[in-house]
Amino acid sequence: MVVTRFAPSPTGYLHIGGLRTALFSWLWARKNKGKFLLRIEDTDLSRNSDEALKAILEAFNWVGLNYDGDVVYQSKRFDVYKQYIQKLLEEGKAYKCYMTKEELDTLRAEQEAKGERPRYDGRYRDFTGEPPAGVEPVIRIKAPQEGFIEFEDGVKGCIKIAASEVDDFIIARSDGTPTYNFVVAIDDYEMGLTDVIRGDDHLYNTPKQLVVYEALGFRPPKFYHVAMINNEKGKKLSKRDGALDVMEYKRMGYLPEALLNFLVRLGWSHGDQEIFSIDEMLELFDPKDINKSASSYNLDKLLWLNAHYIKNSSNEKLVELLKEFGVNLDGNEKADALLDATKQRAKTLVDLASEINKIVQTPSEYDPKAIKKAFKGEAIKNLKEFVAMLQEAKPESIEGYHEVMQKFVEAKEIGFGKLGQPLRVALLGSMSGPGLDAVMYIIGLDEVVKRVANIEKFLKDS
RNA sequence: GGCCCCUUCAUCUAGCGGUUAGGAUUCCAGGUUUUCAUCCUGGCCACAGGAGUUCGAGUCUCCUAGGGGUCACCA
């Protein structure tokens, strides 16, 4: 049984780095019919926020990551941690340290002045004397003093860190609350974690957690440390270049499947394949294939994927999604034609909504360049004759409109552009857009007549 | 600074001792289209540098450089 987890601290929203490790963990658990657990690391009582958890769950819900069982809150497990601390104290594997914060600071300053690595000097490790008065002690765990702490990382391979790099770190603050590396080890054990997939900013926490595993006689899980995602310049991701709230991507018109597809390919691949459905990810994902090196966030590729998924979405689905973007096509009998004509050209749902509006709404202004280019010579006369022909024919399908256009240019012995350009400007206000046969079918004959009349008036007035 | 990790086109990546170093995004050109977009075809572009090992190295070893992470009574 594979058990994985996502364990954020509730200090902010979920960003794409977190979402990627969550995705990897989720995929690995689901692929193996195992469990994906959610734990909130809120041992620092001063920095908690309910909002953050809500934001994370909202994001999970949007992209479709589901977790098993109840959310575990570390802040509700202090009793458990206390018992373990007591146990370690009794067994002599942890000890009280009466050094004050101030003393620690001066020690560190001295060490740094000497060019040494700041490090607790172990002065209370074997202390048996009379403790100084008025000092609430912290509890420190006894870390090995010589040799190496080694573990096999599923991504990076064998990691070997000298014991001298790991000091007797604090497992309980002077107010009695337990600290991060201690509770993580306990929870990962008690929750039955088999595989811990997390960002490689945690790589250096692993030896500390292994010290806890060792002291408690727990068997550690398999660790996978995945490299960071950098921005497009290869620097640390910040809010301006992608470390946004995942929900911000929803607002920008991205589809969750596009975002997930984008993220799964950051640091992981399967041959030359670029497009992965969730089912394919589940079939193919394996954390052993995760890359060692950091990857840069590439907006163009996300956009390309998003366009791909929009193009391949059913119209029914798009109708639902578009509601969030101010376009309601419910009950619109031209909805299919409208979406067929526009979904090929949108990179985001925001684009799609504006493409639709551009067709549906009567143009209120015209691109001056387009006017100048399209309305030369016989253009307006042709347009009026064409409209007359339409009124005669009363087409009722895209093909019908197309036939009329065809007949018109043949009869007049002109190129398609001679009709298309002015007609396009009249109908859409600019030189670009979907096929005019589809546009005319969507807006209907009356609206075509109206828009042609509008531009005729506009030209006369100017 | 100490320690640890990383390094193939601009970007995401394939490669697991013998390849014209492949794919994708971007960009460019051509085709398709009434236009733009889509789509199709083609093109540009990479093994950080240096020593080894080897008949042969992007692939193994070492060094250098560059990048990142981490050094809390934060998580």
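Here is how names work: the chains are called A, B, and so on, in the same order as the sequence lines, proteins then strands, and each is numbered from 1.
At distances below 3.5 Å, not a single donor-acceptor pair connects side-chain atoms of S269(A) with backbone N or O atoms of G271(A).
OP1 or OP2 of rU11(B) has not a single side-chain nitrogen or oxygen of S295(A) nearer than 4.0 Å. Between N291(A) and the phosphate of rA14(B), there is a side-chain N or O to OP1/OP2 separation shorter than 4.0 Å. Taking 4.0 angstrom as the limit, R108(A) places a side-chain polar atom (N or O) nearer than this to OP1 or OP2 of rC73(B). Between rA14(B) and S269(A), a contact under 4.0 Å exists linking OP1 or OP2 to a side-chain N or O.
Atoms CD (E103(A)) and P (rC73(B)) sit 13 Å apart, rounded to a whole Å. If you take OH of Y297(A) and P of rG68(B), they are 20 Å apart, rounded to a whole angstrom. The nearest whole Å value for the distance from the NZ atom in K301(A) to the P atom in rA24(B) is 9 Å. In this structure, W268(A) atom CH2 and rA14(B) atom C1' are separated by 13 Å, rounded to whole Å. Note: NZ (K418(A)) to P (rU35(B)) measures 13 Å, nearest angstrom. Distance L104(A) CG to rA72(B) P: 9 Å, rounded to the nearest Å. Remark: P of rA75(B) and CD of E41(A) are 9 Å apart, rounded to the nearest angstrom.
The CZ atom of R39(A) lies 4.5 Å from the CG atom of D187(A); values are rounded to the nearest 0.5 Å. Between atom CG of residue N181(A) and atom OG1 of residue T43(A) there is a gap of 10.0 Å, rounded to the nearest 0.5 Å. With rounding to the nearest 0.5 Å, the separation of CG in N291(A) from CZ in R265(A) is 9.0 Å. Note that the CD1 atom of I85(A) and the NZ atom of K93(A) stand 15.0 Å from one another [nearest 0.5 Å].
Side-chain rings of Y98(A) and Y124(A) approach one another, their centers coming within less than 6.0 Å. With ring centers used as reference points, F6(A) lies 6.0 Å or more from Y67(A). Taking the six-membered ring wherever Trp is involved, the centroid distance between the rings of F24(A) and W268(A) does not fall below 6.0 Å. Ring centroids of W304(A) and Y309(A) are separated by 6.0 Å or more, keeping the two rings apart. In this structure, Y84(A) has its ring center at least 6.0 angstrom away from the ring center of Y189(A).
Among the heavy atoms of the strands, none lies under 4.0 Å from G115(A). Across all strands shown, G435(A) has heavy atoms under 4.0 Å from base atoms, whether or not it also approaches the sugar-phosphate. Nucleic acid contact class of D153(A) (heavy atoms, under 4.0 Å, all strands): none. Across all strands shown, P434(A) has heavy atoms under 4.0 Å from base atoms, whether or not it also approaches the sugar-phosphate.
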Tabulate atom names and distances for all N/O pairs under 3.5 angstrom spanning the protein and nucleotides 4-7 of chain B.
residue	atom	partner	partner atom	Å
rC4(B)	O4'	Y204(A)	OH	3.3
rC5(B)	O2'	K156(A)	NZ	2.8
rC6(B)	OP1	K292(A)	NZ	3.4

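Between the P atoms of rC60(B) and rC16(B), the separation comes to 12 Å (whole Å).
Y441(A) carries K334(A) over the face of its six-membered ring, with the cationic atom under 6.0 Å from the centre and within 45° of the normal. Under the 6.0 Å distance and 45° angle rule, R140(A) counts as a cation-pi partner of Y120(A).
Between the side chain of S174(A) and the base of rC73(B), a donor-acceptor pair under 3.5 Å is found. Side chain D272(A) to base rG22(B): a donor-acceptor pair is found below 3.5 Å. A donor-acceptor contact under 3.5 Å is formed by the side chain of E274(A) with the base of rG23(B). One can find a donor-acceptor pair under 3.5 Å joining the base of rA75(B) and the side-chain atoms of N205(A).
If you check rC39(B) for Watson-Crick or wobble pairing at under 3.5 angstrom, you find it paired to rG31(B). The base-pairing partner of rG58(B), taking Watson-Crick or G-U wobble contacts with both distances under 3.5 Å, does not exist among the strands shown. The partner of rC71(B) is rG1(B), judged by Watson-Crick or G-U wobble contacts that both fall below 3.5 Å.
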Does the protein touch nucleotides 37-45 of chain B at the base, only the backbone, or not at all? Give it as B, S and - per nucleotide, heavy atoms under 4.0 Å. BSS------

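Proximity note for T43(A) (side chain, C-beta onward) versus rU11(B), rA75(B), rU35(B): the nearest is rA75(B). Among the nucleotides rC73(B), rU11(B), rG2(B), the one closest to any side-chain atom of R117(A) is rG2(B). Closest to the side chain of I170(A), from the set rC3(B), rC12(B), rC73(B), is rC73(B). Out of rG23(B), rU11(B), rU70(B), the shortest distance to the side chain of N298(A) is found at rU11(B).
Residues S432(A) and D300(A) each lie close to RNA chain B; by heavy-atom proximity, the contact nearer the 5' end of the strand is made by D300(A). Two residues, G420(A) and F262(A), neighbour RNA chain B, and the one matched to the more 5' nucleotide by heavy-atom proximity is F262(A).
One side chain, S75(A) or D42(A), offers a donor N or O that lies under 3.5 Å from an acceptor on the other.
Applying a 4.0 Å cut-off to non-hydrogen atoms, none of the residues of residues 356-379 of chain A approaches RNA chain B.
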